[in-house]
Colleague: 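The structure is given below, and queries will be raised subsequently.
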Amino acid sequence: MKVFELIDNFSGPELTASYTDEEIVGMRGELRKVVADLVAIRADQRKTEEYFNNTIRKYNGAYLNSEELILSLHRVLDWDKLSFSYIYHSITIWAQEAYNEHIPAFVLQPQRNIQYAIDFDLDEIEEMITQAENPAALIKALMDKSKGYISVRSDYKSKVEEALLTLYEKYTQSALNKGVSVVCDFLVSQEDAEEKMKSLHYILDGKYGKDLAIAVCAAVDAGIISKSPSYKKLAAFFDVKGSSSGYEAYQNSFLGGKQLKGRDSAAYQGYLTHLLTH
């Protein structure tokens, strides 16, 4: 977790004070232990507040006293006030009483926002992904899980989902480059998914612009994909060429329930026949 990286670089509770190397190492150890305790209970307001009142407020370690510990926590948890909202709120109230105008107010976050931030800690997620046997499948599961959260902070949720999509594209493209079969998430059915992906690779790989839009139209009409994916989405799974503007300029002309162009072309008929017979 990022907070532990910050603790590893922690140089003391008072920025203007001077500490020996031994003191710094000792303070980091005590701070790490307290933060580890908080990580385990940070989703529970009652337990967190009890820990603050019964442990932190009465703390008297070999290197940090209670006030020094609180000031230290305020510094290292500042980067993640959302997932540590309960303890950060308690710390802020204490600090405001002790230092008045020097400590900005902090609004306690709703529990749903705190839980979302805990479940979608991007540093932890990236570590999980690097250890996963199938990174793309794990990221897809996390993307689906995120969609299930409603009424959470839109700014943070958007940041998380954008990061997950970037990671998803990175790992699906990496798998494709290695020749690993990757199943896209816009198939109508997952039955015989690998065979369908082979057929889609056959008609989509290397295509761009008008030809790519016609091929996608054929895949939709064949009942293989459920919608017309964006260029960015296609590029995450297939070796498409060109640019998004070139593809999207034709995309709306070939899909949408109108008298669509392209279906009378030899290319469309060829793609459709291939998809229906393979």
Side-chain angles (χ1 to χ4, degrees), residues 1-99 102-111 113-132 138 142 153 155-157 159-160 163-164 167:
M1 293 179 68
K2 181 71 174 178
V3 64
F4 292 115
E5 293 180 22
L6 294 175
I7 292 173
D8 288 340
N9 293 302
F10 181 72
S11 57
E14 297 288 348
L15 295 177
T16 57
S18 178
Y19 302 97
T20 66
D21 290 344
E22 179 186 345
E23 287 173 327
I24 291 174
V25 171
M27 288 187 290
R28 288 174 180 174
E30 292 183 13
L31 190 54
R32 176 177 284 273
K33 171 63 172 63
V34 170
V35 170
D37 289 343
L38 289 169
V39 167
I41 61 173
R42 60 181 166 160
D44 190 310
Q45 184 173 7
R46 180 184 60 81
K47 289 182 179 179
T48 300
E49 290 176 351
E50 286 179 353
Y51 188 86
F52 178 75
N53 291 321
N54 299 331
T55 301
I56 295 175
R57 290 287 302 273
K58 300 175 182 178
Y59 192 84
N60 188 22
Y63 296 95
L64 292 170
N65 60 34
S66 177
E67 181 177 352
E68 290 170 333
L69 176 60
I70 293 172
L71 291 173
S72 300
L73 287 170
H74 191 267
R75 284 180 55 195
V76 300
L77 297 180
D78 183 70
W79 75 277
D80 189 10
K81 295 187 284 287
L82 186 52
S83 75
F84 287 97
S85 188
Y86 292 135
I87 188 63
Y88 199 85
H89 185 250
S90 294
I91 289 171
T92 301
I93 291 175
W94 176 91
Q96 285 176 327
E97 293 174 353
Y99 298 100
H102 298 295
I103 303 295
F106 174 71
V107 178
L108 182 64
Q109 292 293 307
Q111 199 279 333
N113 287 344
I114 296 171
Q115 191 60 57
Y116 183 85
I118 292 171
D119 290 345
F120 292 92
D121 183 313
L122 290 174
D123 291 310
E124 290 188 347
I125 285 173
E126 289 197 34
E127 186 175 343
M128 289 167 54
I129 290 170
T130 59
Q131 298 173 1
L138 172 59
L142 289 168
R153 272 182 54 174
D155 59 336
Y156 189 76
K157 188 177 182 185
K159 174 186 174 183
V160 167
L164 288 173
L167 287 167

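In this text, all values refer to a predicted model and were calculated from it rather than measured experimentally.
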Colleague: Which is it for N113 and L82 under the side chain to side chain contact (heavy atoms under 4.5 Å, CB included) test, yes or no, and what are the steps along the way?
Modeller: CA-CA 7 Å; N113 287 344; L82 186 52; 4.0 Å; yes

Colleague: Please step through salt bridge (Lys or Arg N to Asp or Glu O under 4.0 Å) for the pair K2 and D121, ending with a clear verdict.
Modeller: CA-CA 9 Å; K2 181 71 174 178; D121 183 313; over 6 Å; no

Colleague: With side chain to side chain contact (heavy atoms under 4.5 Å, CB included) as the test, would you mind laying out the steps for L6 and R75 before giving the verdict?
Modeller: CA-CA 9 Å; L6 294 175; R75 284 180 55 195; over 6 Å; no

Colleague: Angle between ring planes, Y88 versus F106, binned at 30° and 60°: parallel, tilted or perpendicular?
Modeller: perpendicular

Colleague: Measure the spacing between OH of Y59 and OG of S72 and express it to the nearest 0.5 Å.
Modeller: 10.0 Å

Colleague: Quick check: do I7 and V35 have side-chain heavy atoms less than 4.5 Å from each other?
Modeller: yes

Colleague: With rounding to the nearest 0.5 Å, note down the distance linking CG in L31 to CD in E68.
Modeller: 11.5 Å

Colleague: Measure the CG-CZ distance between L73 and F84 for me, rounded to the nearest 0.5 Å.
Modeller: 9.5 Å

Colleague: Does the S85 side chain pair with the main chain of Q109, one donor and one acceptor, at a distance under 3.5 Å?
Modeller: yes

Colleague: What residues form a ring pair (Phe, Tyr, Trp, His ring centres under 6.0 Å) with F120, not counting sequence neighbours?
Modeller: Y116, Y149

Colleague: Answer whether the closest heavy-atom distance between the side chains of Q111 and Q45 falls below 4.5 Å.
Modeller: no

Colleague: Any donor-acceptor pair under 3.5 Å linking the side chain of N65 with the backbone of G61?
Modeller: no

Colleague: Determine whether a donor-acceptor pair (N or O, by modelled atom type, separation under 3.5 Å) exists between the side chain of N54 and the backbone of E50.
Modeller: yes

Colleague: Any chance you could measure I70, atom CD1, to R57, atom CZ, to the nearest 0.5 Å?
Modeller: 6.0 Å

Colleague: Kindly give the heavy-atom pair with the smallest separation between S83 and I114, and that separation in Å.
Modeller: O-CG2, 3.7 Å

Colleague: Say you draw a straight line from CH2 of W79 to CD of E5; how long is it, rounded to the nearest 0.5 Å?
Modeller: 8.5 Å

Colleague: For the backbone of E49 and the side chain of N53, can you confirm whether one donor and one acceptor N or O come within less than 3.5 Å of each other?
Modeller: yes

Colleague: Within the structure provided, determine whether I93 and H89 are in side-chain contact (heavy-atom separation under 4.5 Å).
Modeller: yes

Colleague: Are D37 and K33 close enough, and set up right, to give a salt bridge (Lys or Arg N to Asp or Glu O under 4.0 Å), and what steps lead you there?
Modeller: CA-CA 6 Å; D37 289 343; K33 171 63 172 63; 2.8 Å; yes

Colleague: Measuring from D123:CG to M128:CE, what's the distance to the nearest 0.5 Å?
Modeller: 12.5 Å

Colleague: Examine distances only and state if a side-chain atom of R42 and a backbone atom of T48 form a donor-acceptor pair shorter than 3.5 Å.
Modeller: no

Colleague: Does some side-chain heavy atom of R46 sit less than 4.5 Å from a side-chain heavy atom of Y86?
Modeller: no

Colleague: For E22, what residues pass the side chain to side chain contact (heavy atoms under 4.5 Å, CB included) criterion, not counting sequence neighbours?
Modeller: T20, Y63

Colleague: For D78, does its backbone N or O pair with a side-chain atom of K81 as donor and acceptor, under 3.5 Å?
Modeller: yes

Colleague: A side-chain contact here means heavy atoms from C-beta on lying under 4.5 Å apart; do E30 and L69 qualify?
Modeller: no

Colleague: Please evaluate residues E126 and L167 with respect to the criterion side chain to side chain contact (heavy atoms under 4.5 Å, CB included), reporting the C-alpha separation (whole Å), side-chain torsions for both, the decisive distance (0.1 Å), and the verdict.
Modeller: CA-CA 9 Å; E126 289 197 34; L167 287 167; 4.2 Å; yes

Colleague: If you take all heavy atoms of I125 and D119, which pair is closest and at what distance?
Modeller: CD1-O, 4.4 Å

Colleague: So, do V160 and Y156 sit near enough that their side-chain heavy atoms are less than 4.5 Å apart?
Modeller: yes

Colleague: Which heavy atom of I118 sits nearest to which heavy atom of E124, and what is that distance?
Modeller: O-OE1, 4.5 Å

Colleague: Around atom CD of E127, are there more than 12 heavy atoms of other residues, nucleotides or ligands at under 6.0 Å?
Modeller: no

